[in-house]
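So the structure is just underneath, and the comments pick up after that.
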2 protein chains.
Amino acid sequence: MEPEKVRAPNIRDVARLAGVSYQTVSRVLNESPNIRPSTKERVLEVIDELGYQPNQAARTLVTNRSRTIGVLSGDTAHYGPTTSVHAIEIAARQSGYRVMITNTTSDYDSIRAGLDFLRQQAVEAIVIIAPQVRVFDAIADMNLTIPFVTLDSTQRDTHRSVSVDQFRGGRLATRHLIDLGHREIEHLAGPQDWIEADARMRGFLHEIGDAELATRPPILGDWTAAFGHHAGRELLRHPDFTAVFCANDQMALGLIHALHEEGVRVPQDVSVVGFDDIPDAAHFWPPLTTVRQDFAEIGRRSLAIILDEVLGSSDASHEQVVPELVVRASTAPPQ
Amino acid sequence: MEPEKVRAPNIRDVARLAGVSYQTVSRVLNESPNIRPSTKERVLEVIDELGYQPNQAARTLVTNRSRTIGVLSGDTAHYGPTTSVHAIEIAARQSGYRVMITNTTSDYDSIRAGLDFLRQQAVEAIVIIAPQVRVFDAIADMNLTIPFVTLDSTQRDTHRSVSVDQFRGGRLATRHLIDLGHREIEHLAGPQDWIEADARMRGFLHEIGDAELATRPPILGDWTAAFGHHAGRELLRHPDFTAVFCANDQMALGLIHALHEEGVRVPQDVSVVGFDDIPDAAHFWPPLTTVRQDFAEIGRRSLAIILDEVLGSSDASHEQVVPELVVRASTAPPQ
DNA sequence: TGTCGTGATGTGTACGTTCACATGCTGCGA
DNA sequence: TCGCAGCATGTGAACGTACACATCACGACA
């Protein structure tokens, strides 16, 4: 015997039990002003009694609004994106919106599928935290009509963006090393197709050029500690440098690991700067000098911006949050 | 002049242009078997031309199925959960499902709101990765009729679960220290309302009891490196121990930081074991001995289990994945 | 040659909600 | 006393799709 498939109660069931029309129930649900308090109370009682829940699909179908913001996030479990997403959720909840997150791998088809999914769910806006160049191809190809905002620093006028000023961050880190007196500075960069990685690298090159130091070609990494470790071993085959600027904290961790293994002291022999200021960075050994990005802040701002657009404003702004150098124990003057 | 609000093309628009009935279009979309190839082709052409996309809300409304799996995840950006979520997404995609993720903070109302949201979105099943006891109160109160699976090790018969055997992991770590010859072992545990934290602690206590060592009350932490650092400083006020088992890698990192600061050598003076084996752990200094959990594997399995239930199977299984001790350089015999 | 099964396609309806409009009632001012 | 504004509530339609059923053409078979 199959258990009988009970239909969920709908607005009409509520109406019948409350002795009103379904429209009145709808009014209660939507907090219409003109409704007698006693009626409203009675309806609410029945709703509670029945455990009635509005059918979101039906609502979306008729209103074409879902009160939902979509988030397209990258495939990796990085500290930054997850922190931003969390901030977005909290902010959205406060504005009466919900958030639907979809992860994607970095290939075109996956990004495309993710955007399609969000569109099908009738999200009212999309926050894109997949900071790879390829994302923009997908967006262009499917000419998205939904408002969207990106969390990175492309200055395209086609859409809004909020980002930490990565270029400036790259300069801050490099300038710090130069100010300490370093002249032989390596850069362990991120993957080239990441917008942020590129901006940090440009910041590095800019300061190197400004100080008229010899330019060393950056090493292109993949953000992982394992790569940092590998790169560190390679670099030590020609130890003609006194400082390394790593494009994120994880790679800095791996690099320091390699330095330790070879008996190279940090910061006495080599100074290391990271990027991000993940919570762990303060507890690396030595505690890491790094550039702090406020991931939560850009999350909050992105939501504010996109709700602004949903509600009618239309100027495509590009906000930038200023990063901050956090000096700890992994940097010192060269000896 | 407002730009005219253009309605998205629907199934009838497609039908008209293709010269067939809307039902035929529907059949093409749902890959009905009895349809002439030439007709199908013509319809597909029109779909492509119009950029038609099925309206998910309408589909869900009529079928009461969404081909979507909900994921309720905790509020923190931990490595484990994010890795599991990612694995779930990939597996879901392969089965023709999509995943909708909702984060929650750990308070009851937020969990409740998250579950309500997922239910309203008509997800067909829910994977719960919010491993706090409180989750079960919320579930019980709203008597969820949707199949769900949890990614932790409560052995309740009300639902399915997949988990790494945390108890066993706790034993592995502790046993390793005992086998090395340690007798004075501290445990830095996780928050008490986390199911996993509790299980690891029980594993620890079990081995301590087995070896007839004096039981030291575990220190209850919050998973962060900052807490590990703080706890390390506290412990060093009475340095009567030779080893510490930390309930996760981050706390181990902070603890080691505190030890380094006081000139205590790891592992010569104090051995440290972590838990999780996050990618960074291999690059801590010293590289961390820890217990590896296969987060991706439990993600994949959870999806398999829940799809199984969606498709009709009904025995509530409790699968367990075996954790693995990874010995690196943070542990050694006491000296 | 009539009947019947089968493949291909079309028609009516339901899903649960909101919007636009209609209706009834109340009280107030002329 | 009448008309009318305004509040409270009700009725009909629409959103876009899938399911159940109806219809039609065609060939096989007795």
Think A/Tyr22 has a side-chain N or O under 4.0 angstrom from the OP1 or OP2 of D/dA13? no
Between A/Arg59 and C/dT18, is there a side-chain N or O to OP1/OP2 distance below 4.0 Å? yes
Short side-chain N/O contact to D/dT9 OP1/OP2 from A/Thr39, under 4.0 Å: yes
Any ion pair linking B/Arg42 and B/Glu45 (charged N to carboxylate O, less than 4.0 Å)? no
Taking only side-chain nitrogens and oxygens of A/Asn30, does any of them come within less than 4.0 Å of OP1 or OP2 of C/dT18? yes
Closer to the 5' end of DNA chain C via nearest nucleotide, is it B/Pro33 or B/Val62? B/Pro33
With a 4.0 Å limit, can you tell me whether B/Ser26 has a side-chain N or O closer than that to the phosphate oxygens OP1/OP2 of D/dA18? yes
Measure from the side chain of B/Arg27, starting at C-beta and using heavy atoms only, and say which of D/dA18, C/dT9, C/dT18 lies closest. C/dT9
For the CD1 atom of B/Ile305 and the NE2 atom of B/His318, what is their distance to the nearest 0.5 Å? 9.5 Å
In this structure, is the centre-to-centre distance between the rings of A/Phe295 and A/Tyr79 below 6.0 Å? yes
By nearest atom, which of the nucleotides D/dA18, C/dT17, C/dG10 is closest to the B/Ser21 side chain? C/dG10
Contacts of B/Lys40 and B/Leu61 projected onto DNA chain C by closest heavy atom; the upstream (5') one is B/Lys40
For a quick test of reading the model: is some side-chain N or O of B/Asn10 closer than 4.0 Å to OP1 or OP2 of D/dG16? yes
Would you indicate, yes or no, if D/dA8 has its OP1 or OP2 atom less than 4.0 angstrom from a side-chain nitrogen or oxygen of A/Asn34? yes
Would you say a side-chain N or O of A/Arg12 is under 4.0 Å from OP1 or OP2 of C/dG16? no
Ranking A/Ala58 and B/Gln23 by the position along DNA chain D of their nearest nucleotide, the one closer to 5' is A/Ala58
Using only side-chain N and O atoms of B/Arg36, determine if any of them is under 4.0 Å from OP1 or OP2 of C/dT9. yes
Side-chain N or O of A/Thr24 less than 4.0 angstrom from OP1 or OP2 on D/dA8? no
Do the side chains of A/Ile139 and A/Ile128 get nearer than 4.5 Å, heavy atoms only? yes
Do A/Arg59 and A/Leu29 touch side chain to side chain, with heavy atoms closer than 4.5 Å? yes
Could you tell me the separation between the CD atom of A/Gln56 and the P atom of C/dT18, rounded to a whole number of Å? 9 Å
Nearest-angstrom distance from the residue atom CG of B/Leu29 to P of D/dT17: 8 Å
